Each structure stands twice: as C-alpha cells, then as structure tokens.
Amino acid sequence: MMSEEAGVMLVVCDDPSDQRSFSLDDTSSSEESLDETRLSLETTNDVIPYIGKRFATHDAAYEYYSEFAKQCGFSIRRHRTEGKDGVGKGLTRRYFVCHRAGNTPNKTSNESKPQRNRKSSRCGCQAYMRISKTTELGAPEWRVTGFANHHNHELLEPNQVRFLPAYRTISESDKSRILMFAKTGISVQQMMRLMELEKCVEPGYLPFTEKDVRNLLQSFRKLDPEEESIDLLRMCRNIKEKDPNFKFEYTIDSKNRLENIAWSYASSVQSYEIFGDAVVFDTTHRLTAFDMPLGIWVGINNYGMPCFFGCVLLREESVRSFSWALKAFLGFMHGKAPQTILTDQNLFLKEAISVEMPTAKHALCLWMIVAKFPSWFNAVLGERYSEWKSEFYRIYNLESIEDFELGWRDLVNSFGLQSNRHIVNLYGLRSLWALPFLRSHFFAGMATIGQLKSINAFIQRFLSAQTRLAHFVEQVAVAVDFKDQAGEQQTMQQNLQNICLKTGAPMESHAASILTPYAFSKLQEQLVLAAHYASFQIEDGFLVRHHTKADGGQKVYWVPREGIISCSCHHFEFSGILCQHALRVLSTGNCFQIPDRYLPVRWRRISMPSAKLLHSAPSDHAERIQMLQSIVSTLVTESAKSRERLDIATEQVSILLSQIREQPVSLQCTRDIALKNRNI
C-alpha cells in the first residue's frame, strides 16, 4: 500500500502557470516509492500518464486516467475547468483528481430538514492529472500538462477497488433484467445470484452491489402517484381484456384521483369456492413508495398450502375504507362470506367486519400478536422473557376456558405484570385470540404458529421487490402463479409418497384413500392417540379419557343410525379432522369407516384446474419467460441453502447455458424482447 510516508511519483510541469494552477504538498519529491516501482513493473509505459501524452478529446483522457487509477487502487472525478464551451477559446484546461481530493465543506444546519450523518471519504489528497487543449498541429487535441500520483491515504487492492462507486455500474440491459426480476417478487439477493449465474462470474464479482440494486429499485418508485394510478387502472383494464374472469373494483375521490382498488384472479375465485371457509385478511403492510395500506386475503388449501384470494390497496385506514374493501371482496366471491376471518388488531377493521360480514367469526392472528412481544415484554422481563413466552404458549393451547382463566392469572402474578398495559389489553381481547374461546369455530389449522408462519412467508413474497404501482399487480400475479405451480409440484410429490399405515385399522386405510396426504397425516395422529384412550358408556353418550387418568375426560355423543358424532373438545369443528375421542368411540362401536360427513370435501383429494393460460399451454413468449423466471427463482432459493447445493446448481446451470447457446436464436423473439424492454 502507498502511504503518506511512501514518497511520490515524479511530477513534471511544462510551464510555471500550470504548476501554480494546482498546489501540491511541500513533501513532493522526485523519488520513486516501492509501490511506484511495483506499478512500473506491472504496467506498460503507455498506461502510466506522462507529460505530453495526447488525446483526441477530454473524455478520452478521462477514460485513460480512470483505467490507470483502477489499476493503482483508487478512482477519480472531474474537478475544475478553465474556459467554457462556446465562449472565446472555449474549454482550454481540465483537472481530474483522486476521489479523496479536497475536504468536506461545512454545511449550514437547517432544523427543518433532517441532516444525513454520513462520513466523508475526502482527505485532501492531491493526486491529479491536468490536460490542456492545443492546436499546434492544426486540429485541436488535448495533452497532459500536469500529473502527480502522491496519495495521503492507502490505496485499495484489486479485489477491493471494484467496490468504489466510480466502478460500480449497472448497464441498461442489466437494469431491464433487474426490473423484470422485481416483477416476479424475488429478493435482491436472489437477483444477484441469478445474474452471477447468467454472466458466469464468481459470487460477489458483478460490477454492482446489492445496495446499488436496492437504490435502482428505489428510483423506480419515485414516480408521480397520479400517473401511477392511471397506469394501474390501464393495467387492470388490459388484464381484463385478456382474461374476462379477472375481477377488479376501484373508487375515485372528488378530485378524480384513485382512492381504493381491489382485484382477484379467476383461479383465486375457484379456490375460494372450496377453501374460503377460513380466511386471513392481512392489513399490516404498506406499499412504502406510495404510502398506501395493503390488504391481502389468503387461505389454506386441501394440501395445507397457502392460496391467494385477493388484494386491495387503500388510500387510508378507516371504517369506510375497510367496509368498501370487504364489499368488493364479497362481490368477487359471489356474496359468499367466510366462516372465520383472521386479522390484525385494528378497531376500524373490527367494526367493518361486524357490519359487512356479520355471520363470520372474527379472530386475531396469533403471529401478528406474537410479533409484537419483543417490543412489549423483552425490556420488562429481561432474562425471564423466554420463560414467559413458553408459558404463554402453554396457556394459549389449553382446552377449557376455566383452565385458561386460572393459567392466565398465575402467569400474570408469577411475572409481576398486573399493571402492564399490554397484558391488560391482551386479556380484554382474549375471546378473539385464545384457543379455548375459539375451538368451536373452523380455522383450517390457521391458528397454529407453523401454519401462520407459512402464510406470512407467502405474503412476504408479494412485498420483497416493490417497484411501480402498476407493476405491483403483475408482481402479485406472478407470485400467485409461482405459488400455484410450486403447489402443484408439492401436491404431486405428496400424492406420490407411499403412505405408511400405523394402526392397521380399516378406518385408517379408508381415510388414506380419500383425504390428501396432508389431511390424512393429521387424522392419523388422532388415530394413533385414540389407542391410548378408554371409553365408558354413560347415560347420554360416552366418556373418553386417557387410560392413565381416573377422572375427567371428554364427552362424546354418537348416533350410529344417522352417522352423527360429536365431542366436547370441538376438535372437528375447529380443524375439520375427527379427534382421538370420537375415533375411539367409533372403533369401540365396530365402525370400520369414518362417516362421509366427517371427511370434508375441503380436505379430500380433489384437483383445482387453473383458469390461467400460464398453467395449461403458454403460447405467448412473455408468459413462458415468466414461467421460466419462477422456476429459476425456486432453483436459486433451494441452491442457496448449502454450499454443496450451490456447487451442483452452478455446475449444472453452466452446462445447460452452454447447450442453450448452441441453439438458434429467433429474430422475431429478439425483436419482441427488445420492444418489451423499451416499453418497460
């Protein structure tokens, strides 16, 4: 590294005026440093600037000095000029300086504007190259008339210098690729991995960084909201023309500006017909570029995977806005309200649901509550926070309301939280989130932390790469298509798995032939547990309890002739899966098949044919590209989980790329892609 004590390269000036025009440190000398010796050995003489070197234009001189600087371990910037184009002799002299030249000027503080507390890289470095215009040979040209390579800071190694802003560039073609990736909803990290594979470069060796990509995406968002709204409506109308089953509704305010907009797809409406019994309406996110609240309707299908129902963008959070959103959603779904709707804690939304969906059970999403725990209780409880959280989950899963009330009281007293406002608020809302109060309502398994995390991850896919407002509709569509395709693959994998029967009971094999592997696994858990329970016939049914207990238990009511069975634990009402207590009674009563009504359609092996062209035979080139992007996104996600996976993926993709490049290129497809990129 070249430092302040290392010496300087020889500085030559062709006239006194040039020397005075740019001051150097008094420590300048003509002695060569060790770094300069290294430079002279590693580069040809033509690469090192020297007095008298000629250039046709000042831009050519800049490019030359920039390349020299990159080899040395620094970057340059244009400094001051003498003369002005079109005035007198025009531009006559230019200075290019080290990026760390000069000192940071003191900025006057403005209390009304927030100040960026960013450290400057400038340290008064005096390395420079000066060029002057001459017409000695007739045609104007530029010559080097001053040069100094003395730096008062360390120079960067070759593997570090590429991170300087001057050498980090995103080409127009790369910008188009990034914008296309952003529409698919993949993360910036996945974008970088994909482009590294495409360009066959080592990880971290692209000419730009993740930060550059994020800044680029941010610049896409800095657009006129009114123009964006017009584009969004145009986009929705275009989709509607291509797919008459696409649904969207919107409202315009008194100033003729877009106020609210909601949309859903044909496949979403189809899914809702069967799986719309329990719905999560997540309104905790915003489109940050436009500061608009975002609502997403999601459910769970028969294979235990999230499915998308609809999306809404609102001007504000109010009872009026949420009421409009719920009405629009019901309109998409032919007026069918869900049995259960889970949301965040929002008073406006709670009131809107009570008016627009009075028959639906409104509950609060546990994951949205738990996500706030660290900020609520971490500082208060300190080292006991983890212990408290475990106890909270235990109480949350209790069966009876009486046990919950006793457990909650003990929890509050044990941790000294009697006056904590969050605890008081949670207790006041307990009937909306605690399982003992909710077990008689259907949740399709969406009250478990694992399933809720899966839904949250699904929703995050829509938010991972927000770009333009109009593109967000496309991004959601691509994310939904990707999830549908991934779901079909997982469905196929589940169906191909060999189901292992654990009890040998006829009921088990019968259920395995009807239910999806996901639903059957849940029923099988209950069948295995049923073997550990004893049943006793009582006056109005059966009492079922664990064989190790002498009292307590659940009451089961069974009417064999009508095929009706119910249990006081309400497990079937809650999940759509019979409980171990009911299964024990059926087994005791020599029942060899589960009654048909207790094998709900929503958990059976049924196919959901997609209404979208993308799932059948995509003939449009752009749609096939989107499908490929979704597959590649999955490849990157899976490959990034280990070094071994990444090595295999890199090797195989490199081979595949070589094979693809051997295939002929369609000129029409090339023109179509170029035209699409220009339109973007």
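These numbers were taken from a predicted model, which means no experiment stands behind them.
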Looking at CG of L366 and CE of M446, how far apart are the two atoms once the value is rounded to the nearest 0.5 Å?
13.0 Å
Does a side-chain heavy-atom distance below 4.5 Å link S264 with F309?
no
Verify, without hydrogens or angle tests, whether T283 (side chain) and G295 (backbone) share a donor-acceptor contact under 3.5 angstrom.
no
May I ask you to test the F574-F442 pair for a side-chain heavy-atom distance under 4.5 Å?
no
Tell me whether the count of non-hydrogen atoms from other residues, nucleotides or ligands lying under 6.0 Å of CZ in R320 goes above 12.
no
Sidechain-backbone polar pair: S431 side chain, F437 backbone, donor-acceptor under 3.5 Å
no
By side chain to side chain contact (heavy atoms under 4.5 Å, CB included), which residues pair with N420, not counting sequence neighbours?
F377, V380, L417, H422, I423
Do side-chain atoms of N397 reach the backbone of Y393 as a donor and acceptor pair under 3.5 angstrom?
yes
Would you please indicate if the ring centroids of Y272 and F332 are separated by under 6.0 Å?
no
OG of S318 to CG of N260, rounded to nearest 0.5 Å, is 8.0 Å
Tell me, do F572 and P600 make a side-chain contact under 4.5 Å, heavy atoms counted?
yes
Name all residues meeting the side chain to side chain donor-acceptor pair (under 3.5 Å) criterion together with T588; count only those two or more places apart in sequence or in a different chain, and write none if there are none.
S535
Which pairs, with at least one residue in residues 534-571 and sequence neighbours excluded, count as a ring-ring contact (aromatic ring centres under 6.0 Å, His included)?
Y533-H546
Counting only N and O atoms by type, is there a donor-acceptor contact under 3.5 Å from the side chain of Q526 to the main-chain atoms of Q580?
yes
Could you list all the salt bridge (charged side-chain N to carboxylate O under 4.0 Å, His left out) pairs where at least one residue sits in residues 578-596, not counting sequence neighbours?
D596-R604
Non-neighbouring partners of D647 that pass side chain to side chain donor-acceptor pair (under 3.5 Å), sequence neighbours left out:
none
Excluding sequence neighbours, so at least two apart, what forms side chain to side chain donor-acceptor pair (under 3.5 Å) with R409?
none
Quick one: does S271's side chain have a donor or acceptor within less than 3.5 Å of a partner on C307's backbone?
no
Rounded at 0.5 Å granularity, tell me how far CD1 in I395 sits from CG in L411.
4.0 Å
Taking distance alone, no hydrogens or angles, what donor-acceptor pairs closer than 3.5 Å link side-chain atoms of residues 345-359 to residues at least two apart or in another chain?
| from | atom 1 | to | atom 2 | distance (Å) |
| --- | --- | --- | --- | --- |
| N346 | OD1 | F348 | N | 2.9 |
| N346 | OD1 | L349 | N | 3.0 |
| N346 | ND2 | E317 | OE1 | 3.2 |
| S354 | OG | E351 | O | 2.6 |

With side chains defined as the heavy atoms from C-beta onward, is the minimum distance between C569 and H581 less than 4.5 Å?
yes
Note, I594 side chain near L583 side chain (heavy atom, < 4.5 Å):
yes
Those residues that, when tested against P374, pass side chain to side chain contact (heavy atoms under 4.5 Å, CB included) (two or more places apart)
N378, Y385
Would you say the rings of F329 and F281 are close, in the sense that their centroids are separated by under 6.0 Å?
no
Is the cationic atom of R430 (NZ for Lys, CZ for Arg) positioned less than 6.0 Å from the six-membered ring centroid of F404 and within 45 degrees of its normal?
no
How long is the span from the OG1 atom in T340 to the CG atom in D277, to the nearest 0.5 Å?
8.0 Å
Is there side-chain contact between D344 and K372, with at least one heavy-atom pair below 4.5 Å?
yes
With the side chain counted from C-beta on, respond yes when M368 and L364 share a heavy-atom pair under 4.5 Å apart, and no when they do not.
no
Working to the nearest 0.5 Å, report the span between OG of S575 and CZ of F443.
11.5 Å
Does a salt bridge link E249 with K327, judged by any charged N lying under 4.0 Å from a carboxylate O?
no
Is the Y518-W603 ring centre distance short of 6.0 angstrom?
yes
Minimum side-chain heavy-atom gap L381-W376 below 4.5 Å:
no
Would a distance-only check, ignoring hydrogens and angles, find a side-chain to backbone donor-acceptor pair under 3.5 Å from W324 to L314?
no
Taking the inter-plane angle between the rings of W433 and Y396 on a 0 to 90° scale, is it parallel (under 30°), tilted (30 to 60°) or perpendicular (over 60°)?
parallel
Got a sec, which residues hit side chain to side chain contact (heavy atoms under 4.5 Å, CB included) with A582, two or more places apart in sequence or on another chain?
I565, L578, C579
Checking Y427 against E405: is there a side-chain donor and acceptor pair closer than 3.5 Å?
yes
E573 versus S440, side-chain donor and acceptor atoms under 3.5 Å
no
Residues at least two apart in sequence or cross-chain that pass side chain to side chain donor-acceptor pair (under 3.5 Å) with D282, listed by chain then number, are T284, H285
So side-chain hydrogen bond (donor to acceptor under 3.5 Å, both in side chains) across residues 410-419, not counting sequence neighbours, yields N413-Q418
Using side chain to side chain contact (heavy atoms under 4.5 Å, CB included) as the criterion, list what pairs up with K502, not counting sequence neighbours.
E508, Q524, V528
Set out, in order, the CA-CA distance, both residues' side-chain angles and the distance that settles side-chain contact (heavy atoms from CB on, under 4.5 Å) for I577 and E525, then state yes or no.
CA-CA 10 Å; I577 302 293; E525 290 175 4; over 6 Å; no
